[in-house]
Amino acid sequence: TELLVPETNPAETLSSNDQRLEFIYKEALRGLVQQQGVVENLNSRSGNLIFAAAFVSSMFGNRALSDGLGIWDWLAIALLFGLGVLIVFMLWPFHKYKFRFDPAELLRTYVDRDAPGSLARMHRELALRIEADRADNWKVIQRLRVALQIALILFLLEIVAWLLAITAAA
């Protein structure tokens, strides 16, 4: 036979000064802060890629296009265009990230009530919410990461196309 236990909210059975919940909340928050750093890093890499593409295109493109447009020149230009589209995609302001809480919502939920929630309940619920936000953010970050990887491949192919255009003209 099964032992039946009445359902209770786990946060209600813990004391309001349970340090385990505070630790879990802080770890969840630390993970979210690290994730925000990943987004900033991806934006920085995208900016560096803009500079690198502009430098390579101006240096090699100038030499390759000096004798007219050939098939390799067109390919290099098309790759540069594709690279530009991906960079715009990566740097476009995206407002679906969830890196913070709305203070007004926190006040309504945990303070401005007839029976305000305990600190233990806040830590527990916010840790779970942070994890859900982190998972939602990760979906967007994955798309940006894949876009950056494709952009890097296009950049390398662009360099090869410019070099082939230069050698074909020689």
Side-chain angles (χ1 to χ4, degrees), residues 1-58 77-158:
T1 61
E2 253 181 70
L3 179 63
L4 296 176
V5 178
E7 288 188 32
T8 60
N9 182 349
E12 291 173 358
T13 61
L14 299 169
S15 70
S16 62
N17 62 355
D18 190 335
Q19 293 180 348
R20 295 175 301 169
L21 285 172
E22 182 179 354
F23 171 78
I24 292 168
Y25 169 76
K26 286 180 179 178
E27 280 300 300
L29 195 58
R30 188 173 68 86
L32 197 62
V33 168
Q34 285 178 337
Q35 190 179 58
Q36 187 175 11
V38 168
V39 171
E40 292 167 0
N41 186 293
L42 285 171
N43 286 342
S44 176
R45 288 179 181 201
S46 300
N48 291 339
L49 192 55
I50 289 171
F51 169 75
F55 179 75
V56 165
S57 294
S58 66
I77 292 169
L79 289 167
L80 178 62
F81 179 77
L83 180 61
V85 168
L86 285 171
I87 290 172
V88 166
F89 171 76
M90 289 183 285
L91 293 177
W92 194 265
F94 194 79
H95 301 288
K96 288 197 173 218
Y97 291 119
K98 299 173 186 169
F99 290 121
R100 59 178 290 280
F101 298 120
D102 177 13
E105 180 186 346
L106 292 176
L107 286 170
R108 278 192 311 275
T109 305
Y110 298 108
V111 178
D112 298 339
R113 303 180 75 163
D114 292 337
S118 68
L119 188 57
R121 179 176 158 231
M122 282 179 61
H123 281 147
R124 183 178 194 288
E125 290 178 6
L126 292 176
L128 292 172
R129 185 165 153 198
I130 287 171
E131 180 56 26
D133 289 349
R134 195 190 62 73
D136 288 343
N137 291 342
W138 192 246
K139 293 172 190 172
V140 177
I141 292 170
Q142 286 297 90
R143 288 193 300 259
L144 294 177
R145 188 184 58 78
V146 168
L148 180 62
Q149 290 172 333
I150 294 170
L152 290 171
I153 292 168
L154 290 181
F155 177 61
L156 293 175
L157 292 174
E158 179 197 1

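Both backbone and side-chain heavy atoms feed into the values below; hydrogens, waters and symmetry mates do not.
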[X], [atom1]: over 12 other non-hydrogen atoms inside 6.0 angstrom:
{"X": "Phe81", "atom1": "CZ", "answer": "no"}
{"X": "Phe23", "atom1": "CZ", "answer": "no"}
{"X": "Arg45", "atom1": "CZ", "answer": "no"}

Of all heavy-atom pairs between [X] and [Y], which one has the smallest distance, and what is that distance?
{"X": "Met90", "Y": "Asn43", "value": "O-OD1, 3.6 Å"}
{"X": "Asp133", "Y": "Lys98", "value": "OD1-CD, 3.2 Å"}
{"X": "Ala28", "Y": "Ile130", "value": "O-CG2, 3.2 Å"}
{"X": "Leu83", "Y": "Ala151", "value": "CD1-O, 3.2 Å"}

How long is the gap from [atom1] on [X] to [atom2] on [Y], to the nearest 0.5 Å?
{"X": "Trp92", "Y": "Ser46", "atom1": "CH2", "atom2": "OG", "value": "14.5 Å"}
{"X": "Leu148", "Y": "Leu49", "atom1": "CG", "atom2": "CG", "value": "6.5 Å"}
{"X": "Ile24", "Y": "Arg124", "atom1": "CD1", "atom2": "CZ", "value": "9.0 Å"}
{"X": "Ile87", "Y": "Leu80", "atom1": "CD1", "atom2": "CG", "value": "8.5 Å"}
{"X": "Leu29", "Y": "His123", "atom1": "CG", "atom2": "NE2", "value": "9.5 Å"}
{"X": "Leu21", "Y": "Leu119", "atom1": "CG", "atom2": "CG", "value": "9.0 Å"}

My understanding is that only one of Ile50, Leu144, Leu86 makes a side-chain contact (heavy atoms from CB on, under 4.5 Å) with Leu91; could you say which? Ile50

Could you please spell out the steps behind the side chain to side chain contact (heavy atoms under 4.5 Å, CB included) verdict for Glu131 and Arg134? CA-CA 5 Å; Glu131 180 56 26; Arg134 195 190 62 73; 2.7 Å; yes

State, yes or no, whether a side-chain contact exists between Asn137 and Leu32 at a heavy-atom distance under 4.5 Å.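 Yes; the side chains approach each other to less than 4.5 Å.
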
Within residues 109-119 or reaching into it, pairs that qualify as salt bridge (Lys or Arg N to Asp or Glu O under 4.0 Å) - sequence neighbours excluded: none

Working for salt bridge (charged side-chain N to carboxylate O under 4.0 Å, His left out), residues Arg129 and Glu125: CA-CA 6 Å; Arg129 185 165 153 198; Glu125 290 178 6; over 6 Å; no

Got a salt bridge between Arg108 and Glu105, using NZ or NE/NH1/NH2 to carboxylate O under 4.0 Å? no

Walk me through whether Leu106 and Leu126 qualify under side chain to side chain contact (heavy atoms under 4.5 Å, CB included). CA-CA 10 Å; Leu106 292 176; Leu126 292 176; 3.7 Å; yes

